[in-house]
2 protein chains.
Amino acid sequence: MVERTIELNDIFASLADPTRRDILARVARGELSVSDIANGYDMSLAAISKHVNVLERAKLIIKRREGKKQMVTLAPDALMSADEYLEQYRQMWEQKFNKLDELLKEE
Amino acid sequence: MVERTIELNDIFASLADPTRRDILARVARGELSVSDIANGYDMSLAAISKHVNVLERAKLIIKRREGKKQMVTLAPDALMSADEYLEQYRQMWEQKFNKLDELLKEE
DNA sequence: CTATCATTTAACTATATGGTTGAACGAACG
DNA sequence: CGTTCGTTCAACCATATAGTTAAATGATAG
């Protein structure tokens with residue numbers, strides 16, 4: 001399994017911030033402009049613009065210009081990379097659950 | 001779906017560092033002491049100790065004392081939280097794959 | 001009870017992050 | 001072409017992070 005270090009660094013660093021996770025969740029429901037996103041946070045537009053840039057650098061979103069607006073779309077591939085990273089550990093917690101199951105059956 | 005903000009912050013922030021991801025991978029193969037871990041990094045023991053503390057705060061590992069040594073074990077539950085977070089997006093990239101599949105079939 | 005091994009803490013440095021405000025830029029409208 | 005709308009950039013501030021070295025602490029072995 002090849003670890004794509006830089007990508008994972010940026011992806012996980014992006015996800016470590018609750019504002020960015022929230023932006024991601026909102027964008028997942030449908031394309032939004034940067035100011036659409038900024039509505040609903042008690043934070044300057046510039047701050048939101050920065051967050052969006054962080055998400056873009058991590059390739060978690062894509063921006064495209066539509067007239068004056070910058071439209072932001074979810075780009076799920078990067079999340080898939082994060083998921084692939086976790087994949088290698090998945091069996092470990094599943095194993096733990098199986099042990100728990102067996103204990104419960106024994107009662 | 002309830003987002004456990006603080007936990008995810010700590011978990012993802014932990015995973016954003018390649019040294020910590022590596023420590024996690026090594027610990028996953030079996031319990032190691034802090035100095036066992038430190039062997040193999042060109043970094044002071046104190047630095048490794050800090051990384052281990054970050055992982056501990058995120059509940060990604062558990063430390064227990066065994067004599068002089070602090071033994072470090074993987075605690076998969078926190079990784080499971082990260083996985084649950086990604087769960088909500090999983091269908092999005094699966095959808096994307098399905099579309100790709102259909103395109104390939106058409107040829 | 002002191003020497004030694006394993007680890008942590010303290011103090012410090014450098015850089016990164018997350019926020020602010022104000023100015024600048026790019027695109028469209030009249 | 002000047003104004004306005006949407007966004008970014010620049011400069012700045014406060015705090016956090018990742019590392020260092022040196023000193024302190026914990027736990028065992030003699």
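Convention: sequence-line order gives letters A, B, ...; per-chain numbering from 1. Remember, it's a predicted structure, so these values are computed and weren't measured experimentally.
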With a 4.5 Å heavy-atom cut-off, do B:Val72 and B:Val34 have their side chains touching? yes
Separation of D:dT17 atom C1' from B:Leu15 atom CG, nearest Å, is 16 Å
Does NZ in B:Lys63 sit with more than 12 non-hydrogen atoms of other residues, nucleotides or ligands closer than 6.0 Å? yes
Are A:Asp77 and A:Lys59 close enough for a salt bridge, meaning some N to O gap below 4.0 Å? no
Would you mind telling me which of D:dT28, D:dG6, C:dT20 lies closest to the side-chain atoms of A:Met43? C:dT20
Closest to the 5' end of DNA chain D, once A:Asp36 and B:Asp17 are matched to their nearest nucleotides, is A:Asp36
I need the CG-C1' distance between B:Asn39 and C:dA6, as an integer number of Å. 12 Å
Whether over 12 other heavy atoms sit under 6.0 Å from B:Gln91 CD: no
Counting only side-chain nitrogens and oxygens, does A:Ser44 get under 4.0 Å of the OP1 or OP2 atom of C:dG19? no
Does the side chain of A:Tyr41 come within less than 4.5 Å of A:His51's, by heavy atoms? no
When we call it a touch if two heavy atoms are under 4.0 Å apart, what does A:Lys68 touch: a base, just sugar-phosphate, or nothing? base
When you measure from the side chain of A:Ser14 to the backbone N and O of A:Asp10, does any donor-acceptor pair fall under 3.5 Å? yes
Output a table of nitrogen or oxygen pairs between the protein and nucleotides 8-12 of chain D separated by less than 3.5 Å.
{"from": "D:dT8", "atom 1": "OP1", "to": "A:Lys63", "atom 2": "NZ", "distance (Å)": "2.7"}
{"from": "D:dT8", "atom 1": "OP2", "to": "A:Ser49", "atom 2": "OG", "distance (Å)": "2.7"}

